[in-house]
Amino acid sequence: MTKGVLARYRDFLPVTSATPIITIGEGDTPFIRSSTLEKELGCGELYFKLEGCNPTGSFKDRGMVVAVAKAMEAGSKAIICASTGNTSASASAFAARFGLTSVVIVPKGNVALGKMAQAITQGARIIVIDGNFDQALDIVRALVEKHPVAMVNSINPNRIEGQKSAAFEIVDTLGDAPDYLFIPVGNAGNITAYWKGFREYYQAGISKKKPKMMGFEAEGSAAIVRGEVIKQPETLATAIRIGNPASWGRAVAARDESCGVIGSVTDDEIIAAYKLLAAKEGVFCEPASAASVAGLIKMIKGGMDVSDKIIACVITGNGLKDPDTALSIAVSPAESPADINAVEGFLGWD
Ligand SMILES: *Cc1c(COP(=O)(O)O)cnc(C)c1O
């Protein structure tokens, strides 16, 4: 039976004798070596951490399990979040399984189809606001001041605690930290969490080194790179369409302490990496997730030499979340009569 993040890493988590050890089967995701891009890009070793293999299809389950367990421990009956989609998919799954009410505030028009389908089917109370993610988060912050409901966005420190388990898993699998960790940056909770995880394992003597943290925002919402809040963030990578990252300062600290980089990639670069991952590695991720690989490609094109380095790219979410984007850039399949000759004709096999 899958242990889950709380049972597996309880010594590193805020678990007390009163914390319920709940799980939906999160964590323990595949960490696979590149088959093609490693050579084509000239990396020493290149790995992908497939966080889309979590139960609700993104890394959000790792943090949510701790946030929800601590909310239950404190007696909460309801949880609330602002979400670009995956947080609500995760929160509503935990709420459904453990008998809580979930309330999710999402921005109008920018939540991928699969994520909305999850939250609806799992019984969340969903309010779609006529505004963006940052405004949704402001509303949630104000609501939890007035009502007895636990906030499960990544400004809840328990989310960061759970998400750092992905860094533990990478070290547990590789035997040490990689040289570089490439990761998409939206609200910057995840880069904060990985850095915390790598530091803790290093301090505990489990790893001998710490990676350089390489975070990538989408250019149209690259607040950290530009050094200013972006009022109207834009990108087709909706999971990182965030103009005022909640963990801004901690992402900058992760970059500086690790001698890393926070950069940006364009939507074209994101889509190019998204297609490469699918076509060359068999990894179908959501667009935001491809920002990590897009960042790696951009750095290598810019002259970074990684020919003797070990690189891990975090693939944050599953491509099935966002079929609209996939189909909008795909070539439509051929349509044939139900006839072997016609099919052979299309295949050029006659
Ligand atoms: C939430 C999310 C991100 C961004 O993570 P942050 O912690 O907000 O930086 C990236 N990709 C996917 C698929 C996500 O769900």
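All ligand and atom numbering here is 1-based and tracks the order in the structure.
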Geometric N/O contact [X] with ligand 1, under 3.5 angstrom:
X: Glu286; value: no
X: Ser58; value: no
X: Asn190; value: yes
X: Ala288; value: no
X: Ala188; value: yes
X: Gly186; value: yes

[X]/[Y] ion pair, N-O < 4.0 Å:
X: Lys231; Y: Asp134; answer: no
X: Lys309; Y: Glu45; answer: no
X: Glu40; Y: Lys280; answer: yes

For the residue pair Glu286 and Asn86, confirm or rule out a side-chain donor-acceptor distance under 3.5 Å.
yes
Distance to the ring centre below 6.0 angstrom and angle to the axis at most 45 degrees; does that hold for Lys210 and Phe198?
no
Ligand 1 versus Lys60, non-hydrogen atoms closer than 4.0 Å: side chain, backbone, both, neither?
side chain
Going by the 4.0 angstrom heavy-atom rule, the piece of Asn86 near ligand 1 is side chain
Indicate, with yes or no, if the rings of Phe31 and Phe48 have centres closer together than 6.0 Å.
no
